[in-house]
Amino acid sequence: MKKALLIVDVQNDFLPGGALPVKDGDQIIPVINALQEQFDLVVATKDWHPLHHESFAVEHGQEPGEIIEYRGLKQELWPVHCVQESPGAEFSSQLETAKIAKVFLKGTDPEIDSYSSFFDNAHRRSTGLADYLRKHHIDELCIVGLATDYCVKFSVFDAIELGFSVTVALSGCRGIDLRPGDVDKAIEEMRSAGAKVIP
Ligand code: VGL
Ligand code: ZN
């Protein structure tokens with residue numbers, strides 16, 4: 001049994017002071033730094049949007065928090081965040097990166113969002129993460145990062161569907177809770193999907 005740690009989107013824009021800050025998001029960084037020691041392999045994702053991305057409210061003349069239908073998919077609209085090569089898209093300087101073997105980029109297609117670390121929201125294009133994990137004979141995946149109710153949740157669903165055995169370490173995650181209760185609901189959904197959720 002080989003196990004990997006997947007660190008989801010620990011980027012400046014999702015941290016306090018960033019464009020789409022997750023409350024107390026910075027508190028997970030020391031937890032994740034310590035966790036890395038326990039894994040055979042550490043991988044990470046970056047939300048990596050082009051300057052004009054359909055998930056940005058401004059592209060539709062709307063406000064962040066609104067929900068639209070775009071090309072047949074439901075889309076939450078966000079402030080401009082994690083623009084490729086911008087400081088907001090960088091990992092937090094507090095995050096230990098020496099052990100990260102590979103970084104997978106998501107949300108790079110201007111026409112579709114990607115909450116999961118594995119596929120875009122229409123499940124059409126893969127990021128390459130699943131093949132990489134299989135090539136390294138990983139069967140257990142521990143997932144941490146931001147945000148619990150978006151990119152962590154959808155990464156957990158896909159990882160389970162792909163056949164990985166999945167643990168979510170909540171001390172290494174924080175959520176957006178756009179609608180209060182979203183994080184609690186996400187935790188329940190991850191549990192029902194078959195994830196082992198630990199404190
Ligand atoms: C995320 C909203 C928009 C996330 C990314 O990383 O959870 N959330 N883009
Ligand atoms: Zn995004």
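Everything quoted here is computed from the prediction, not taken from an experiment. Just follow the structure's listing: the first ligand is 1, and inside any ligand the first atom is 1. By convention here, the first residue in the shown sequence is residue 1.
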Donor-acceptor side-chain pairing of Glu59 and Tyr70 below 3.5 angstrom: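 No, Tyr70 and Glu59 have no side-chain donor paired with an acceptor closer than 3.5 Å.
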
No-hydrogen, no-angle side-chain donor-acceptor test under 3.5 Å, His137 and Asp40: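 No - no donor-acceptor pair under 3.5 Å links their side chains.
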
Proximal heteroatom of Asp47 relative to the Zn ion (ligand 2) (N/O/S):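 Of the nitrogen, oxygen and sulfur atoms in Asp47, the Zn ion (ligand 2) lies nearest to OD2.
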
CA sep, side-chain torsions, deciding dist, call: Gln75, Asp113, side-chain hydrogen bond (donor to acceptor under 3.5 Å, both in side chains): CA-CA 8 Å; Gln75 176 68 56; Asp113 211 358; 3.1 Å; yes

Heavy-atom neighbours of Gln94 CD exceed 12 at 6.0 Å: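 Incorrect, the count does not exceed 12.
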
N/O donor-acceptor pair under 3.5 Å between Asp177 side chain and Asp182 backbone: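 It does hold such a pair.
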
His81 side chain vs Pro79 backbone, donor-acceptor pair below 3.5 Å: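 Yes; judged by distance alone, with no hydrogens or angles, the pair exists.
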
Whether Cys82 has an N, O or S atom under 2.8 Å from the Zn ion (ligand 2):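 Within the cut-off used here (under 2.8 Å), Cys82 places no N, O or S atom near the Zn ion (ligand 2).
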
Between the protein and ligand 1, are there any N or O atom pairs that come within less than 3.5 Å of each other, and if so, what are their names and distances?
residue  : atom  : partner : partner atom : Å
ligand 1 : 6 (O) : Asp9    : OD2          : 2.6
ligand 1 : 6 (O) : Leu146  : O            : 3.3
ligand 1 : 7 (O) : Ala147  : N            : 3.0
ligand 1 : 7 (O) : Cys151  : N            : 3.1
ligand 1 : 9 (N) : Asp47   : OD2          : 3.1
ligand 1 : 9 (N) : His81   : NE2          : 3.1

NE2 (His81) to the Zn ion (ligand 2) to NE2 (His49) angle, given to the nearest 10 degrees: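 Taking the Zn ion (ligand 2) as the apex, I get 90° for this pair.
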
Path from Phe154 to Phe119 over hydrophobic side-chain contacts below 4.5 Å: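 Linked, Phe154 and Phe119 end up in one cluster.
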
